[in-house]
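Written out below as structure tokens is the structure these notes cover.
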Protein chains: 4
Amino acid sequence: MSPRTTKQLEEIRASKRALIMNTALKLFAVEGYYITSISKIASAANISKGLLYNYFKSKEDLLSEIFHLGMDEIFKDFDPNQDGVLTKEELMFFIDKTFQKLNKNKDFWKLYFILIMKPSVFKIYEKRFMELVAPLFQTLENYYSAKGLKNPNAEARLLGATLDGVGMHYILDPENFPIEIVKQIIIEKHI
Amino acid sequence: MSPRTTKQLEEIRASKRALIMNTALKLFAVEGYYITSISKIASAANISKGLLYNYFKSKEDLLSEIFHLGMDEIFKDFDPNQDGVLTKEELMFFIDKTFQKLNKNKDFWKLYFILIMKPSVFKIYEKRFMELVAPLFQTLENYYSAKGLKNPNAEARLLGATLDGVGMHYILDPENFPIEIVKQIIIEKHI
Amino acid sequence: MSPRTTKQLEEIRASKRALIMNTALKLFAVEGYYITSISKIASAANISKGLLYNYFKSKEDLLSEIFHLGMDEIFKDFDPNQDGVLTKEELMFFIDKTFQKLNKNKDFWKLYFILIMKPSVFKIYEKRFMELVAPLFQTLENYYSAKGLKNPNAEARLLGATLDGVGMHYILDPENFPIEIVKQIIIEKHI
Amino acid sequence: MSPRTTKQLEEIRASKRALIMNTALKLFAVEGYYITSISKIASAANISKGLLYNYFKSKEDLLSEIFHLGMDEIFKDFDPNQDGVLTKEELMFFIDKTFQKLNKNKDFWKLYFILIMKPSVFKIYEKRFMELVAPLFQTLENYYSAKGLKNPNAEARLLGATLDGVGMHYILDPENFPIEIVKQIIIEKHI
DNA sequence: CATGAATGAGCTTTCATTCAT
DNA sequence: GATGAATGAAAGCTCATTCAT
């Protein structure tokens, strides 16, 4: 009789939004962004095409929302006390956490690797990406600097690249990649 | 006015084929595979769309040919004497060579990173890829084994992943990435 | 807390109906009929899309209602005593009144000119339109006939067309069109 | 065997372009611009949708091309010796010619009246339109000025508006509108 | 060998309309 | 009376591919 309350509506919107984003994330990661049509997403989420556009302005917007949300979630707890100082234990914890996240969000990371290489798309995310990643690199650099290494910046860059490379290889072939031992070796070499 | 000899015709075909492939490689790397239309490739190569189909049976085929040729070229001299034994000097040379190639073929490597992550596409190339890469990994593993390391396979995998990660980061931001110093550190850490 | 009386409800309905029609008229005139979506009208009128359909059974129906109401209002006082006889003063008054109305209802007249040319739409309104306009033309014809002119019908038709043409030009460029002087000339030429 | 000559291609392009424009003009005039879908145009012209986009960048572009070509053709011989001086005979000739053109290009004129009132569209054509029409009005003004009339500009504007109004009414109801007699009366009143 | 007009399937997107609440 | 989530048909447009020349 009476219209739904604001709270009800918000719940509907939030849960449907999440449904669409999760469905799309999976498809984007498994099939690729261009291959995945709006129709496919809609029917996989059991909604109409039209409704999707009620939640997202465009296909690109949907991608962008997924990516930003993912980045925020992934990076949010890499920011423990923000003092910029890293102990040996903290760095070990950081690396450990990285691998845990990789395991828990394979779909997102697959999308991340796909997107990060997409020329036209990377520019859109570059700024946000740099904002999130820059402090991380700085902290790492400080760590290596305090350790007395000659090229702390290069060491930090190398660790970042190594983690990305390992992530890529692991995601491409999760069954055969010796992820645990590799993690140990990284800790030995880079701490 | 005499008809072209078979040899001349073959030369024309070969050079036109190369022209198309190089044009497409550049566009694929810079703009992306889906964005790049056959029309664009044809007009960038100053030929007609029809002619392109005279050389490649589909857009996907063109991509595949580029990728395979690239892979073959890139990997062909990583196979020096095939004895499977690597000295310290040879490994250093190998790493050095890897970075040189990265620099000389940025377009190809960009395409390589894009494609390798594309789920639907990777499967097509997986076999050939593994054939090319497997002996490399084996040789590396032997090297680390001979060196007495505990986990030679993981060490080999890690070096591969590290090189890929560095390649990715370097290609994304060639101006700022300290490629030379990173190379030195890799040599220190992994040899 | 007592339920609203029937009369109150009727008032609410009437005023909301008018609100929707005025909002839509403005948007139709300024943006065009097809461009203006139901959503836009609803949000401009601060109501829900659903409610709009409580008052009008379709977009076309809304347009039709606006147009009919406008026509009725515009033409209602062109029918003073219905005796079909027009004095010179009455004709001057008529022309004057026409221009006044043009000024007061520019939005409606713009819509009128747009719609009158729309083939598919004109047929819908043609009958009502003719019913309203025919007596006017008849009266004008009688006037010219009484004045002894050779082609009273053509004179009446010409005056009608002239007023429409002037209306169009005035609405397209209200700042520069010398409406007052033009009115005087029309009076001179056509009375 | 050999590809078509440039001349052949030009002929194909020109005739197909004209076919599309004529088909679209008719449909736009009879059904309206928005109602007429690209599919309808294509199938009325017996070509595929895709081919239409080979000749026109967009639906709007097609409309624009039709309108501009029409305007140019219509106005091109209203520019006899460009001396800006009009004799009584020339003005009569001008009015006569106007009505002839109206008759020969009813479809175009219908489209013209539809478009000229379309808010969003008129702005696109305004400039070209003004360039074509302004000298005409100037010449008319000079004529009335030379005749010693008090308000030559308003007289010119009125004649323009009258011709447009008559055009509109005639097009809306060609069978019943006494076009010939009306023309005579206009000549009497405005010359 | 070479051309580009032509096709048509399939894409993203819009929007009038419905209906459970 | 009032809401807005949901639908689905249809729109404009793109593009890999074909084929007559």
Requested in this report: Kindly say if Tyr53(D) contacts the phosphate of dT14(F), meaning a side-chain N or O under 4.0 Å from OP1 or OP2.
Outcome: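 Looking at the OP1 and OP2 atoms of dT14(F), neither is under 4.0 Å from any side-chain N or O of Tyr53(D).
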Requested in this report: For the residue pair Tyr34(D) and Ile35(C), establish whether any side-chain heavy-atom pair is separated by less than 4.5 Å.
Outcome: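 Yes, at least one pair of side-chain atoms sits under 4.5 Å.
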Please report the shortest heavy-atom distance between [X] and [Y], naming the atom on each side.
X	Y	answer
Leu62(A)	Ala24(A)	CD2-CB, 3.8 Å
Lys59(A)	Thr36(A)	NZ-O, 2.8 Å
Phe108(D)	Met71(D)	CZ-N, 3.7 Å
Lys16(B)	Tyr55(B)	CB-OH, 3.6 Å
Thr23(B)	Ala45(B)	OG1-CB, 3.7 Å
Leu25(B)	Leu111(B)	CD1-CD2, 3.4 Å

Rounding to an integer number of Å, can you tell me how far [X] [atom1] sits from [N] [atom2]?
X	N	atom1	atom2	result
Arg17(B)	dA2(E)	CZ	C1'	17 Å
Phe56(A)	dT13(E)	CZ	P	13 Å
Leu27(A)	dT12(E)	CG	P	12 Å
Lys40(B)	dG4(E)	NZ	P	19 Å
Tyr34(A)	dA16(F)	OH	P	12 Å
Leu62(B)	dT17(F)	CG	C1'	14 Å
Glu60(D)	dA11(F)	CD	P	17 Å
Ile35(B)	dC11(E)	CD1	C1'	13 Å

Query raised in the report: Does Ser39(C) or Gln8(A) map to a spot on DNA chain E nearer the 5' end, using the closest nucleotide for each?
Result: Ser39(C)
Requested in this report: Could you pick out which residue, Thr36(A) or Ile38(C), lies toward the 5' side of DNA chain E when each is mapped onto its nearest nucleotide?
Outcome: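 The residue whose closest nucleotide sits nearer the 5' end is Thr36(A).
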Query raised in the report: Of Tyr33(B) and Ser58(D), whose nearest nucleotide on DNA chain F comes first from the 5' end?
Result: Ser58(D)
Query - Watson-Crick or G-U stems involving DNA chain F, each at least 3 pairs long, distances under 3.5 Å, ordered by first number - result: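 Result, WC/G-U stems under 3.5 Å: E:2-21 with F:2-21.
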Report task. List the steps, then state whether side-chain contact (heavy atoms from CB on, under 4.5 Å) holds for Ile116(A) with Phe113(B). Result -> CA-CA 10 Å; Ile116(A) 217 149; Phe113(B) 286 119; over 6 Å; no
Query raised in the report: Should the pair Tyr112(B) and Phe67(B) be assigned to parallel (<30°), tilted (30 to 60°) or perpendicular (>60°) ring geometry?
Result: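 Parallel: the ring planes of Tyr112(B) and Phe67(B) meet at under 30°.
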Report summary line: A correct 5'-to-3' footprint of nucleotides 4-10 of chain F, with B, S and - meaning base, sugar-phosphate only and no protein heavy atom under 4.0 Å, is BSBBB-B
**Report entry** Sugar-phosphate, base or nothing in reach of Thr5(A), heavy atoms under 4.0 Å
**Finding:** nothing
